[in-house]
Each structure stands twice: as C-alpha cells, then as structure tokens.
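A quick write-up on the structure given underneath.
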2 protein chains.
Amino acid sequence: MNSPITLTDVARQAGVSVATVSSVLNNTGRVSEGTRQRVLEVARDLGYVANLSARSLKGGRTGVLGMVVNDLASPVFAEIARGASMAARNVGLDLMLYTTSVTAQRERERVIGTVSSLCDGVLIVVSGDSDDYIRALEQPRFPAVLVNYLGETPLTTVGADNYWGARQATEHLAHLGHRRIGFITGASGSGQGPERLRGFLDALAAHGLPGGEDLIRTGDFSRPRGFAATCELLALPERPTAIFAANDESAFGAMDAAKDHGLRIPNDLSIVGFDDVPAAAVVHPALTTVRHPFLDIGATAVRLLQEAQQGGGASGRRVELMSELVVRHSTGPVGQEHQA
Amino acid sequence: MNSPITLTDVARQAGVSVATVSSVLNNTGRVSEGTRQRVLEVARDLGYVANLSARSLKGGRTGVLGMVVNDLASPVFAEIARGASMAARNVGLDLMLYTTSVTAQRERERVIGTVSSLCDGVLIVVSGDSDDYIRALEQPRFPAVLVNYLGETPLTTVGADNYWGARQATEHLAHLGHRRIGFITGASGSGQGPERLRGFLDALAAHGLPGGEDLIRTGDFSRPRGFAATCELLALPERPTAIFAANDESAFGAMDAAKDHGLRIPNDLSIVGFDDVPAAAVVHPALTTVRHPFLDIGATAVRLLQEAQQGGGASGRRVELMSELVVRHSTGPVGQEHQA
DNA sequence: CTGTTAGCGCCTTCAA
DNA sequence: TTGAAGGCGCTAACAG
C-alpha cells in the first residue's frame, strides 16, 4: 500500500527541513544550489506531487480553475471547454469540470461552494436562461467569469456576436442572388436565437428582400426540427432557394431534408448554419456557416479569470468576440431551375 | 467581501461546539433533536457549504469521484461522462472531470496525483493505446477503474463487447440478402477496431460470403476517411450493396458519399455503423448501428469504483457489457438494381 | 448528550 | 542558508 509522498517524506529523504523543500519547490526564498539540486532530485525520484487539499486549505493558490457546466453532451460546450483547457495549460493551470443540473437551486449553490473551495476561480457555462443560477455568484466572494450569458449581471462575461454574424451570412446569400430565403429559428428560451433572427431580418430589409411569416419557421436548435422546418419551407408554393438555420444542428437537418427531396446542395438549395461546430467542416457538402469562436471564448474566459484573480473583485467587464462567416460548399448562386 | 462560512461560524451562531455541528451534518454520534434542528437551520440560513479541502485533508471521504479523460470533444467520451455523472448523482456523489494530454508522461502522473488528493476514487477514460499511462495507477494506492481499456492490467476495467456486435450487424445484412459487403476499418492503433473487423469476417465466413481484400478499406474512425473509403468501394467493378463501418462517424461519411453518387439509402446501398452516438438517431435516414452502451458503461464504472473503495484494494475485475444491434432506416433488402 | 483537542499536509513567519 | 512552530477547516477520539 503505497501511501502518497508528502513534503515531509522528501525532506527526510533529502536530509533537510520541510521549509527548505517548500522553498525549493516554490522558488521562494534563497536556498543553496547544492541543496536545491538534491531536493529536486529526491522529489522526482519519490514521485512527489503536492497535495492540493493542503495547499488550498492553507489559502494559497491551487493552480486549478473550475468550470461549471450543465450539458456535457453539447459540442458547443465541448469546444469552449477545449479552448479553456488549452489556454489554462498554456499558463500552467489545470482545468477541472464540474457538472450540475440546471434545475435544483440548492444543488447549484453546493456545487459552486464546493468548486470555490478547491479552485482559484470559476468559469460558468450555462446554456439557455438560468438567471437565478447566476445570482448566487454575484456576491463578489470569488473570482468568476460567465460564458455565453446574455442576461443582466455585474459579473464579467464573455461571449460572441450573434447579430452581425447573422447579417453577414444573409448578405452572402443575397449577393449570390437569392431573393427568397427561409429562416429556421432557435429555441425560444435561449438568448442567442433572437439576435440571430434580428440580424437576418435587418439584412433582408437592407436588401429589399421579402421576409414574410411564411419564410420563418420555428426550430429548437435540434436536427429533427431542422428537418421538419425545411420540409415545411420546401412545401411552400414559391419555395425558397436558400435556407439560413439558427445553428449548425438545424442546418444538418435541413441538408437531410433537401437531399430527401432530391435537391442538390448548393445547386438547388443553398444552406447556411451558425456556430461552426467541428462537424460542419466534415459533413458533405461542407457547411457554410458563421463561426462562433468557441475556442477563443474559452481562452478569453481563462484570461479574464486570471485578471479577476489578480485584480481582486469582480471587474464586471463584458467581452464580445466577433463571429465570422465561413464560406464552404453548401452555398452557391441561385440555380437556373428556380430563377424562372 | 463575503468570506466563506465555516463550521466554526455555524457553531458560534448556533451556540454549540464545532463537534456538535459536525455530528449533525454527518449524521454521526447522538445529538438531541432540538440541537439538531437548530444547527440545521443555522447552517441553512448561513448557506454553509463544507470545505472539501479540509475534509479531504483530514482523510475522510469527499464524496467526489474523479474522471480523467484525454479528449473532451469526442461524443463517445461525452456519453460515458454523462452516464457516470448521472450514476454518481444518484448515489449522492459528484463527478469531477480532469483533462490531460496523452503525451506527456510527467504531466499525467501529476494529474493523477492531483486528482487522487481530491477524490475518493478515479475513473480513467483513455482512447487508443496508452499503456504506460495505466502503469502509474497499478500500484494499488488508490481506487481506480479503467474504462474502455483493452490492454493487460491488474486494475478493474469496464468496456463493452465489440466482436459479437459486429457479428450481429453483419448477419443482419446477410439476412437482408446482401452478399457483397464492404467494411471500413478503424484506426490501426485502437484496440476496438480489430475486434469489430474480426466479428465481421467471422460472420462472412459463417454465411459463405466473400471477404476479399478489395472489400476491406482502411479508415481511421473519421468522417472524411469514411467518405473516401466509400468512394473506393463504390468504384469497384462489382460494387458492394452494403457497407459496414467500424464506427458511426465513418458511417456518416459513407452516407455522404452514397448520396453524392446519387445512391438512395437503403434502396441502393445499406449502411451500418458502430457505437450509436446520439447523432446516429437523428441523421437521415436514421442509422442502423451497434449500440455500445456508453451510458451503462459510465454507470457501471461508478458502481465498480464504489465497490473498489469499500472493498479496499484493486479488485481487478474485468466487466464487459453487451452491445446490441439497433435497426433503423439505413439498411434494407437488396434492391432490384443490384441483384442482377 | 456535548465540549475539548489533536492533527491531516502545506506554507509562512520568525528565530537561529 | 536552514530549522522550528503555528494554523487553515474539518473529523474523530476522548473527556466531561
């Protein structure tokens, strides 16, 4: 039974005091080079790993950032976590993920409390609206950064633009000659969807294109709903030549529906998504979409969290990254078939 | 600046000793009902949350399970984590995820060391082969369970069958009348791929079907390779009427390729995947695939971990769950076009 | 039934 | 340049 190596073990083995070992390991205080080398060597040989609990209890920095999420399965979340994880690693920090249900209030407070007793700071990634979730953090007891949160809050938040990305995507379609463009909305609860719709509508107006009710279909960010909404759109007397879906998942559903109707993409129907999840680049044809810079969002969140730690309280900044149109192969000029 | 509430705070506020509070909160020792209620009330009012570091340092159970993964982006991983997370919650435990790179040896030891100082036990989910990763855990210093690991190890492992699932899928195709069936392999490194291929080949032999080299194409579990491999298969002088891909991602690529060639699924080409990731149910047509019970795997891992904790050392069990064919709409009887 | 106390592993003065 | 000692929040053993 190999019990974990403690600082004391290293000290004993190296024939010095614990304080000396601590100094060496933390690069603090002046220790003679000889002692230094010996301690380092012993620590390595013994496979010493600092006990985080002890360090945290003592009140020092643990070098661990916490991340609280409520949906492990979403690729959007996964990308943000990946970005945060890489950024943390780059500055010598670890990232710890904690899952929690959106529903139970007590549960969330417990999770936040737990994480904050372990970590130097916490990143909160919540999908949809869960305002009271946030309320618990607002007492500036602990460095926290909110990711993709659109509500009112004094805390620091990071997100990315939705409006201009949607506008850009719609204009891309307009420049391609499309005049009837369908739109598949997101889930009504989320804050991201409406902004995307607004960008779409404004671009339409700017180009004098029709944006009637019949061209706007309710989706819920899911693939099956994207499929169904597209079928509705294609059943219209004057069917659209392009469809803009409020997220990639819906766009994948739209692609399925188009192929099902024997339509070629992009010849017969152009399709644009939103998010640029990894799958968007590998579907066939590759999806034209608006890149939400999730990796950057994660990395920025880590940076802001570090600033919040050093700066002390909640800085209350609101950072919005730019999203960007990525043109791939699911969009093209209006085909002859439909121009008549 | 609201500093966290400690046990002492609660004790002071309730007018009792810390030991009493501790007893109440842990349901240990006998405390009078009146005191009990008062303590509970004060704790709730103050929003007391136990400091995990202190509890862990003291040597007690923390109620947190660790999970070490090397790929946050894979849906396979996400499902396992989801299963483990739900199972943990059901027994009142939390799950903490720690990411680590597969490459750096020192790094991994550090992560394991860190996690083990915080958690009651650890779940290791490694994709591909990383044998020396495992070696570090083998000293039974700490309850650990390996997920989806196929190598030799004295540690407890949980996984799911690959061979019989592949056999079943192939037989499904054979019963549908397919005689020329293509296969897209997985990445050569992984241990899961070869077993799936073996199941495929044995089923072929059992039915007296051809399994020549030309029908077996090298994939790497990715969608683009699945696409390319399928194009090769479709270019064969005598093209297959069905394709079995070693994982769903490859199967999605195969579906893309088929549609690209103007083939209808399943009328002109049947396609089977492996894994049953969530996307498999929502692509169009819905993918027939072999369900690897990831949620169950995660849940079982949690259960075994608990047993390992209670039982003490590494029990060294090897649990293999059954995989199961899920017939959806991407497979059907051989079409007239190809029967001639 | 309830209070006092030691000590988990570490870091940080302070003293030598 | 190094050693000794205290205390972070908590639990468990022991007194009262």
**Asked** Which heavy-atom pair separates A:Leu57 from B:Ala54 by the least distance, and what is that distance?
**Response** CD1-CB, 3.9 Å
**Complete:** Nucleotide by nucleotide, nucleotides 7-16 of chain C touches protein heavy atoms under 4.0 Å in the pattern (B base, S sugar-phosphate only, - none) BBBBBB----
**Item:** Straight-line distance of A:Arg317 CZ to A:Leu155 CG, nearest 0.5 Å
**Value:** 14.0 Å
**Item:** Runs of at least three consecutive pairs that involve DNA chain D, where pairs are Watson-Crick or G-U with distances under 3.5 Å
**Value:** C:1-16 with D:1-16
**Request:** Check whether any side-chain nitrogen or oxygen of A:Thr20 sits under 4.0 Å from OP1 or OP2 of D:dG3, and answer yes or no.
**Result:** yes
**Complete:** Closest non-hydrogen contact found for A:Met67 with A:Ala84 is SD-CB, 4.3 Å
**Asked** Taking DNA chain D as the partner, which of residues 32-43 of chain B come within under 4.0 angstrom of it by heavy atom?
**Response** none
**Item:** side-chain hydrogen bond (donor to acceptor under 3.5 Å, both in side chains) between B:Asp9 and B:Tyr48, intermediate numbers included
**Value:** CA-CA 9 Å; B:Asp9 294 332; B:Tyr48 170 78; over 6 Å; no
**Request:** Please round to the nearest 0.5 Å and tell me the distance separating atom CD1 of A:Ile80 and atom NE2 of A:His292.
**Result:** 8.0 Å
**Request:** Identify, with sequence neighbours excluded, every residue that meets side chain to side chain donor-acceptor pair (under 3.5 Å) alongside A:Thr157.
**Result:** none
**Prompt:** Nearest 0.5 Å, what's the CD1-CD1 distance between B:Ile112 and B:Ile124?
**Reply:** 4.0 Å
**Residues which pass ring-ring contact (aromatic ring centres under 6.0 Å, His included) with A:Phe77, listed by chain and number, not counting sequence neighbours** = none
**Prompt:** Does the distance from a Lys or Arg side-chain N to an Asp or Glu carboxylate O, for B:Glu41 and B:Arg38, drop under 4.0 Å?
**Reply:** no
**Complete:** Residue set satisfying side chain to side chain donor-acceptor pair (under 3.5 Å) with B:Ser17, at least two apart, ordered chain then number -> B:Thr20
